[in-house]
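Just below is one structure, and these are the notes that go with it.
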Amino acid sequence: VADVAPPLESGPLAATGPVASPALVTQLKDELRDAHAMQIVDRALAEFGEDVAISFSGAEDVLLVEYAKESGRPFRVFSLDTGRLHPETYRFFAEVEKHYGIHIEYLFPDAPAVEALVRTKGMFSFYEDGHGECCSIRKVAPLRRRLSDLRAWITGQRRDQSPGTRSTLSHVELDAAFEGTNGALVKFNPLATTSSDDVWAAIRAFDVPYNALHDRGFVSIGCEPCTRQNRPGEHERAARWWWEEATKKECGLHVADDG
Ligand code: ADX
Ligand code: SF4
């Protein structure tokens with residue numbers, strides 16, 4: 001497509017700005033405590049330039065892409081293509097690329113690792129022995145690879161998505177699970193204190209494209225075999241890995257920074 005901008009250079013990036021240290025995180029945390037999500041995205045892009053990227057799941061976190069566009073700054077977006085997403089999500093990725101004139105940087109899992117898993121345990125092992133192994137191969141390892149040449153990342157996590165695991169989430173934290181180029185990795189959660197209702201009000205107000213699954217009863221969207229439609233009155237997280245206990249509904253992408 002002629003009007004699509006070329007992707008920013010990928011691969012190891014020289015760290016040019018300030019080191020993503022705990023002191024910087026404390027400073028940003030104080031500064032952005034009461035900031036609007038749009039200001040937080042802008043600040044992240046201003047501070048880290050091409051050493052920060054938006055982690056886009058293909059759901060309502062598309063609002064982050066809108067805010068990045070509104071900032072007028074260059075920005076980069078990556079998605080973890082687990083190979084198990086809904087067809088609607090793949091179509092939505094393409095729609096987002098066209099709408100914003102960007103290329104999403106897709107990360108794929110290690111082929112031999114996926115082959116070994118499905119040859120020994122089949123395509124749906126997670127229903128038998130939990131989602132940990134599959135998520136670790138299809139999501140966590142590719143994410144680790146992606147983050148290793150960044151100094152910061154931006155996620156769409158919100159407190160109201162998961163009362164059990166995200167209720168104290170901050171707008172800025174030191175990543176407790178992954179390392180960036182310089183070791184320490186800053187994690188921005190611009191929507192941490194935004195409610196689901198406010199996210200949807202903004203998506204409508206900005207006329208942002210969204211995943212067609214949302215019109216069919218899906219609220220929280222992950223991989224196809226591990227996501228179902230929400231039932232009336234149930235919390236959105238109940239529709240993810242529904243056969244497992246509520247306390248296990250994290251896949252390893254997000255580990256809380258309790259500091
Ligand atoms: S998950 O850990 O349970 O899968 P969730 O679906 O709540 O995460 O999404 C929270 C944030 O994690 C998203 O807004 C996004 O920043 C990141 N994320 C989740 N899934 C992906 C994915 N497949 N690719 C990139 N980022 C993702
Ligand atoms: Fe595998 Fe399900 Fe995890 Fe997707 S969410 S990586 S299909 S276990």
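Remember, predicted model here, so these are calculated numbers, not experimental data. Read the numbers this way: they start at 1 and go in the same order the structure lists the ligands and their atoms.
Counting atoms of ligand 2 from 1 in the listed order, those under 4.0 Å from a heavy atom of Phe126 are 7 (S), 8 (S). Close approach of ligand 2 to His131 is summarised as follows: ligand atoms under 4.0 Å from at least one heavy atom of the residue are 8 (S). Taking every non-hydrogen atom of Lys139 and a distance limit under 4.0 Å, the qualifying atoms of ligand 1 come out as 4 (O). Using a 4.0 Å cut-off to heavy atoms of Cys226, the atoms of ligand 2 that qualify are 2 (Fe), 5 (S), 7 (S), 8 (S).
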Practice prompt. Using the side chain to side chain donor-acceptor pair (under 3.5 Å) rule, take Thr155 and His254 through it: C-alpha gap first, then chi angles, then the decisive distance, then the call.
Written response: CA-CA 9 Å; Thr155 89; His254 306 294; 4.8 Å; no

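Protein heavy atom at the shortest distance from atom 5 (S) of ligand 2 is Trp241 NE1, 3.4 Å. Counting only heavy atoms of the protein, atom 21 (C) of ligand 1 lies nearest to Ser57 CB, 3.5 Å. Nearest non-hydrogen protein atom to atom 26 (N) of ligand 1 is Ser55 OG, 2.6 Å. In terms of protein heavy atoms, atom 1 (Fe) of ligand 2 is closest to Cys134 SG, 2.3 Å. Ranking protein heavy atoms by distance to atom 11 (C) of ligand 1, first place goes to His254 NE2, 3.4 Å. For atom 8 (O) of ligand 1, the closest non-hydrogen atom of the protein is Arg166 NH2, 3.6 Å. Nearest protein neighbour of atom 23 (N) of ligand 1, counting heavy atoms only, is Leu80 O, 3.1 Å. Closest to atom 1 (S) of ligand 1, if we only count protein heavy atoms, is Arg240 NH2, 3.7 Å. Considering only non-hydrogen protein atoms, atom 2 (O) of ligand 1 sits nearest to Cys251 SG, 3.2 Å.
Ligand 1 is never approached by Arg158 to a heavy-atom distance shorter than 4.0 Å. In this structure, Glu60 falls outside the shell of residues with a heavy atom less than 4.0 angstrom from ligand 1. Within the 4.0 Å heavy-atom cutoff, Ser79 counts among the residues contacting ligand 1. At least one heavy atom of Trp241 sits closer than 4.0 Å to an atom of ligand 1.
When the options Cys135, Gly252, Cys223 are ranked by their closest heavy atom to atom 3 (Fe) of ligand 2, first place goes to Cys135.
Between the side chain of Thr227 and the main chain of Gly222, a donor-acceptor pair closer than 3.5 Å is present. His171 contributes no side-chain N or O that, together with a main-chain N or O of Asn189, makes up a donor-acceptor pair within less than 3.5 Å. Within the 3.5 Å criterion, the main-chain N or O of Glu133 finds no donor-acceptor partner in the side chain of Arg138.
Residues His36 and Tyr67 place their aromatic rings such that the two centres sit under 6.0 Å apart. Checked against the 6.0 Å centroid criterion, the rings of Phe188 and Trp153 do not qualify as a close aromatic pair. Trp241 and Phe126 have their aromatic ring centers separated by at least 6.0 angstrom.
Contacts between Asp61 and ligand 1, counted as non-hydrogen atom pairs separated by less than 4.0 Å, involve the side chain only. When non-hydrogen atoms are compared, ligand 1 lies under 4.0 Å from the side chain of Leu253 (C-beta onward) but not from its backbone. Under 4.0 angstrom from ligand 1, the non-hydrogen atoms of Arg237 all belong to its side chain.
Checked by distance only, ligand 1 and Ser220 stay at 3.5 Å or farther apart across all their nitrogen or oxygen atoms. Taking distance alone, with nitrogen or oxygen atoms compared against 3.5 Å, Thr155 stays at or beyond that limit from ligand 1.
Taking a cutoff of 4.0 Å between a charged side-chain nitrogen and a carboxylate oxygen, Arg158 and Glu236 qualify as a salt bridge. The existence of a salt bridge linking Arg151 and Glu50 is excluded, since no basic side-chain nitrogen approaches an acidic carboxylate oxygen closer than 4.0 Å. Salt-bridge formation is detected for the pair Asp129/Lys121: a Lys NZ or Arg NE/NH1/NH2 atom is positioned less than 4.0 Å from an Asp or Glu carboxylate oxygen.
Judged by distance alone, the side chains of Asn211 and Thr89 do bring a donor and an acceptor atom under 3.5 Å apart. Side-chain contact, Arg240 with Ser220: a donor N or O sits under 3.5 Å from an acceptor N or O.
At least one side-chain heavy atom of Val62 sits under 4.5 Å from a side-chain heavy atom of Val96.
Figure legend: Arg43 and Phe48 shown without cation-pi pairing, the cationic atom not lying both under 6.0 angstrom from the six-membered ring centre and within 45 degrees of its axis.
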